[in-house]
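Down below is the structure, laid out as structure tokens.
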There are 2 protein chains.
Amino acid sequence: MRALRTGSKELIKEINRFKVLNIIRHQQPVSRSEIAKQCDLGVSTLSYIIEELKTQRLIYEVGEATSTGGRKAKLLRFNKDHGYIISVKIEEEQILTALTNMEGEILCKRYALFSKKDSPENVTDMIESEIHQIFTQEKKDLSFLLGIGILSSGLVNRHDGTIIRSSMLGWENVPITRMVKESFPEVQVFVDNNINGYTLAELEKGEGKSSQNFLVVSIGAGVGLSVVIDRKIYYGSVGGAGEFGHTTLVPNGYPCHCGQNGCLEMYASEFYFKNKAEDQVSSYSSSKLTDFHFSEVARAAEEGNEFAMNLMKEMGSYLGYGLRNLINTFNPDKIIIVGEGVKYSHLFNHEVNLIANDNFFEKVDIKTELVFSGLNDDAWFTGGALLAINQIFQEPIYEPIKAGL
Amino acid sequence: MRALRTGSKELIKEINRFKVLNIIRHQQPVSRSEIAKQCDLGVSTLSYIIEELKTQRLIYEVGEATSTGGRKAKLLRFNKDHGYIISVKIEEEQILTALTNMEGEILCKRYALFSKKDSPENVTDMIESEIHQIFTQEKKDLSFLLGIGILSSGLVNRHDGTIIRSSMLGWENVPITRMVKESFPEVQVFVDNNINGYTLAELEKGEGKSSQNFLVVSIGAGVGLSVVIDRKIYYGSVGGAGEFGHTTLVPNGYPCHCGQNGCLEMYASEFYFKNKAEDQVSSYSSSKLTDFHFSEVARAAEEGNEFAMNLMKEMGSYLGYGLRNLINTFNPDKIIIVGEGVKYSHLFNHEVNLIANDNFFEKVDIKTELVFSGLNDDAWFTGGALLAINQIFQEPIYEPIKAGL
DNA sequence: ACTTACTTTTTTCACTGAACGAATTAAGTA
DNA sequence: TACTTAATTCGTTCAGTGAAAAAAGTAAGT
């Protein structure tokens with residue numbers, strides 16, 4: 001439990017400035033009196049705070065509201081170009097880098113390839129070089145870079161900023177934020193697991209806007225889970241989320257790359273296709289399926305290939321069991337399904353709903369919404385940027401921690 | 001997400017008073033200068049705060065520390081008799097009531113029986129009467145009653161203080177805190193699920209003292225789960241915890257009283273004994289087992305009854321799978337097993353550990369501790385009292401909510 | 001045993017500054 | 001002209017602050 005900061009004049013000043021700033025950020029354009037009402041601050045105090053924020057160029061005044069019977073209110077807006085954020089996604093053999101403004105709007109994107117042989121140091125150097133190129137290309141001064149958010153697969157400890165283990169990258173205990181910070185000592189650097197990043201995007205720009213407690217489940221080359229409680233992402237002991245993909249669905253089932261057997265990931269993701277085919281060689285061989293990527297199996301299923309259609313449906317049923325267990329365990333308002341699988345959801349949607357909706361809370365008349373994400377691939381960039389932005393504008397109630405070091 | 005309070009002189013005053021008070025509560029006896037150091041408050045401010053807390057009789061001065069080379073420090077203690085708390089546990093056919101001081105120490109206990117026919121109103125009246133009897137019996141003035149904590153089984157919404165549904169009691173949507181508060185309008189009243197109550201006791205007096213993130217799993221006439229994140233209990237959407245006992249362990253397995261099939265609760269609790277026996281009538285009938293309560297099956301197993309021993313071991317294996325899935329999903333520091341089953345843990349401990357320890361995080365060399373609760377039945381009372389005490393001494397950072405109304 | 005020098009604890013007191021609220025000014029509507 | 005709403009000005013309030021003083025010790029030296 002993080003310790004609360006001790007009360008002092010500075011604390012109340014900081015709290016109030018951030019409260020005001022966040023109201024402007026999320027409800028712009030707003031008038032002074034509207035903010036004062038919501039904050040329960042005196043209008044005089046508010047004017048003083050606004051003055052300060054304006055001289056810091058964090059906000060600006062623009063236009064006027066229509067009169068409600070008296071003097072028109074001047075409207076305030078957040079200056080989203082007050083600074084810039086770099087969002088980095090580390091994929092299997094490339095890094096994707098984007099420049100965003102302080103609202104997480106993407107201004108420019110780049111990518112750079114690397115090979116499995118490259119060390120974390122090499123990749124960090126590439127990140128540095130990409131950032132420099134973006135800033136020269138966009139003709140912006142590096143002093144405006146306020147934060148860097150990095151998304152990676154695998155087990156990530158966001159508190160100390162290390163990638164604990166990523167089997168995809170073959171990395172272990174890489175202190176990524178510290179390494180990046182060496183090149184940008186003035187900038188706050190954050191890492192997180194990529195699905196948590198996506199979840200941040202859902203929270204601010206997607207399905208999460210209307211929900212306090214929800215889960216994000218990713219279906220693709222594996223199964224991922226991100227848990228949102230009270231609009232905050234839950235981080236387990238080591239700082240990463242859990243490994244829901246490796247809960248046991250079928251005792252003594254298909255062997256998993258993690259060393260266990262019968263993991264959900266082996267049944268409710270791309271892996272299932274290959275597992276099942278190796279299990280039923282005869283029906284497989286007559287099916288003319290050539291590979292087991294989501295896209296291929298989906299194409300075959302759409303063309304009426306019986307074996308592929310069944311693969312999809314069975315995968316959907318297993319996913320349904322996974323989701324049902326999540327619902328019964330977490331009692332979320334909503335589950336958002338994301339990832340490559342969403343593109344092909346029409347092929348297994350029915351089975352998922354059939355099983356997942358048959359849950360404990362349904363029987364007590366508490367509904368759990370099941371939706372597919374409506375965001376596109378830019379959500380990764382948005383999420384990475386939000387990782388930094390949310391920290392920068394966080395209300396400063398707690399003692400500073402060493403995160404984002 | 002609860003809104004943060006706006007900064008003001010009153011806020012900083014309240015924050016600091018509660019910070020000081022909580023340091024004294026948890027580290028007593030302490031000196032002024034020690035507190036000042038921890039709070040980062042000026043010693044002068046601290047003396048002023050201490051003076052106030054003393055006149056409010058929340059703390060008192062007692063004794064002196066040994067000198068460390070200069071003037072001896074006067075030591076401060078929390079006045080645990082500053083007020084009293086009532087802790088109520090509603091069981092199937094009785095209510096248990098205890099009086100505690102402000103540290104949750106039990107001063108006196110009572111119980112009163114009721115029948116299934118009694119309405120929630122009758123039971124509430126009984127609670128009122130029990131409280132009055134305790135206060136006259138203990139010769140204390142009712143004005144010292146500061147809080148009431150109620151524990152009930154079933155789905156509880158602690159935010160609005162209702163028992164949403166308890167199949168054991170046959171109650172639905174009972175606004176229990178409001179009903180109790182009618183008799184004690186000056187007193188703060190709180191409800192929670194009984195396992196969450198137990199968890200509070202573990203947090204303050206048990207295994208939880210050394211752990212930030214842990215799970216409490218109860219094994220007895222059912223399976224319960226309580227989730228602690230960052231030393232705070234996680235409450236799902238409706239305000240109750242999830243229903244982990246009703247996650248599907250065996251698709252299309254034994255039918256459960258909740259309407260689903262193959263629930264964990266049917267395999268990792270007392271229920272399993274009956275289920276399995278009905279499945280295997282022949283081996284059962286030769287086993288001479290007469291009933292399927294935990295105590296009976298355990299007794300038989302201890303006497304060497306093969307069928308009973310196997311029941312226990314199998315139950316343990318299923319529980320192991322349940323715990324493994326919890327570990328993989330939540331990545332806790334520790335799982336604490338509580339409830340009636342703990343008494344007989346030697347009969348299934350081995351199987352539980354065998355399966356639960358074979359988890360994802362173990363393979364990445366992150367250990368999850370598995371322990372049996374060391375608290376006794378008084379922990380229910382302690383937990384109920386802490387429900388109220390923790391709220392009363394909470395640092396007042398957030399806008400007040402309607403809880404504990 | 002007494003003095004002196006040094007520590008640590010606690011209190012006193014003038015000062016600071018963030019929020020506050022009443023009064024004032026500004027800008028509108030009917 | 002009367003009323004409404006918005007924004008600013010300015011003296012007041014009070015929680016926290018830090019330096020200094022007071023209180024209460026310890027540890028030598030004589």
Side-chain angles (χ1 to χ4, degrees), chain A residues 4-21 23-24 29-56 59-77 395-397, chain B residues 4-21 23-24 29-56 59-77 395-397:
Chain A
L4 213 62
R5 283 179 60 187
T6 299
S8 67
K9 282 195 275 278
E10 294 74 56
L11 178 68
I12 79 178
K13 186 173 181 176
E14 282 180 49
I15 287 180
N16 289 344
R17 265 142 197 77
F18 275 94
K19 267 195 110 165
V20 170
L21 192 53
I23 287 178
I24 297 175
V30 268
S31 68
R32 286 165 171 75
S33 50
E34 175 60 27
I35 300 171
K37 211 183 299 166
Q38 281 188 42
C39 281
D40 196 32
L41 275 169
V43 274
S44 52
T45 309
L46 204 114
S47 266
Y48 183 61
I49 293 174
I50 293 292
E51 199 49 45
E52 259 190 32
L53 294 177
K54 271 165 72 177
T55 58
Q56 289 174 58
I59 59 170
Y60 59 96
E61 222 165 54
V62 62
E64 294 177 326
T66 52
S67 166
T68 57
R71 177 174 171 178
K72 284 186 258 178
K74 291 178 214 158
L75 294 176
L76 300 164
R77 278 195 163 278
E395 281 147 340
I397 325 310
Chain B
L4 213 63
R5 283 179 60 186
T6 299
S8 67
K9 283 194 278 276
E10 294 73 54
L11 179 68
I12 79 178
K13 188 173 179 176
E14 283 180 49
I15 287 179
N16 289 345
R17 266 140 197 77
F18 275 93
K19 268 195 109 165
V20 170
L21 192 53
I23 287 178
I24 297 176
V30 267
S31 68
R32 286 165 172 75
S33 48
E34 174 60 26
I35 300 171
K37 210 182 299 166
Q38 282 187 42
C39 280
D40 195 31
L41 276 169
V43 274
S44 52
T45 309
L46 204 114
S47 265
Y48 182 62
I49 293 175
I50 293 294
E51 199 49 44
E52 258 191 33
L53 293 176
K54 271 165 72 178
T55 58
Q56 290 174 57
I59 59 170
Y60 59 96
E61 221 165 56
V62 62
E64 293 175 328
T66 51
S67 167
T68 57
R71 177 174 171 176
K72 285 187 256 177
K74 292 177 213 157
L75 294 176
L76 300 165
R77 277 195 163 278
E395 281 147 339
I397 324 310

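Order of the sequence lines sets the chain letters (A, B, ...), proteins ahead of strands, with each chain counted from 1. Any value given below was found using the heavy atoms of this structure, including those in side chains, with hydrogens, waters and symmetry copies removed. These figures come from a predicted structure and were not determined experimentally.
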Taking NZ, NE, NH1 and NH2 as the nitrogens, is one of them in A:Glu61 or A:Arg32 under 4.0 Å from a carboxylate oxygen of the other? yes
I'd like to know if B:Glu52 and B:Lys13 make a salt bridge, using a cut-off of under 4.0 Å between side-chain N and carboxylate O. yes
Separation of [N] [atom2] from [X] [atom1] (nearest whole Å):
{"X": "A:Lys37", "N": "D:dA6", "atom1": "NZ", "atom2": "P", "answer": "7 Å"}
{"X": "A:Glu34", "N": "D:dA7", "atom1": "CD", "atom2": "P", "answer": "11 Å"}
{"X": "B:Lys9", "N": "C:dG17", "atom1": "NZ", "atom2": "P", "answer": "14 Å"}
{"X": "A:Leu41", "N": "C:dG21", "atom1": "CG", "atom2": "P", "answer": "11 Å"}

Sub-4.5 Å side-chain heavy-atom contact between [X] and [Y]:
{"X": "A:Ile49", "Y": "A:Leu41", "result": "yes"}
{"X": "A:Ile50", "Y": "A:Ile59", "result": "yes"}
{"X": "B:Arg77", "Y": "B:Ile24", "result": "no"}

OP1 or OP2 of C:dA19 sitting under 4.0 Å from any side-chain N/O of B:Ser8? no
Work out how much the helix from C:dA1-D:dT30 to C:dA30-D:dT1 bends between its end axes, five pairs an end, to the nearest 10 degrees. 10°
Of the listed nucleotides D:dA7, C:dA19, C:dT11, the one nearest the side chain of B:Arg32: C:dT11
Taking the minimum atom-to-atom distance to the side chain of B:Arg71, which one of C:dA19, C:dA26, C:dT8 wins? C:dT8
Close residues, residues 42-50 of chain B, relative to DNA chain C [heavy-atom separation under 4.0 Å]: B:Val43, B:Ser44, B:Ser47
Between B:Lys74 and B:Gly7, name the one whose nearest nucleotide on DNA chain C is closer to the 5' end. B:Lys74
[X] (side chain) donor-acceptor with [Y] (main chain) under 3.5 angstrom:
{"X": "A:Arg5", "Y": "A:Pro396", "value": "yes"}
{"X": "B:Thr6", "Y": "A:Cys39", "value": "yes"}
{"X": "B:Lys19", "Y": "A:Leu4", "value": "yes"}

Mind listing the residues from residues 10-21 of chain A sitting with a heavy atom below 4.0 Å of DNA chain D? Number order is fine. none
A:Glu61 or B:Glu52, whichever maps to the more 5' nucleotide of DNA chain D: A:Glu61
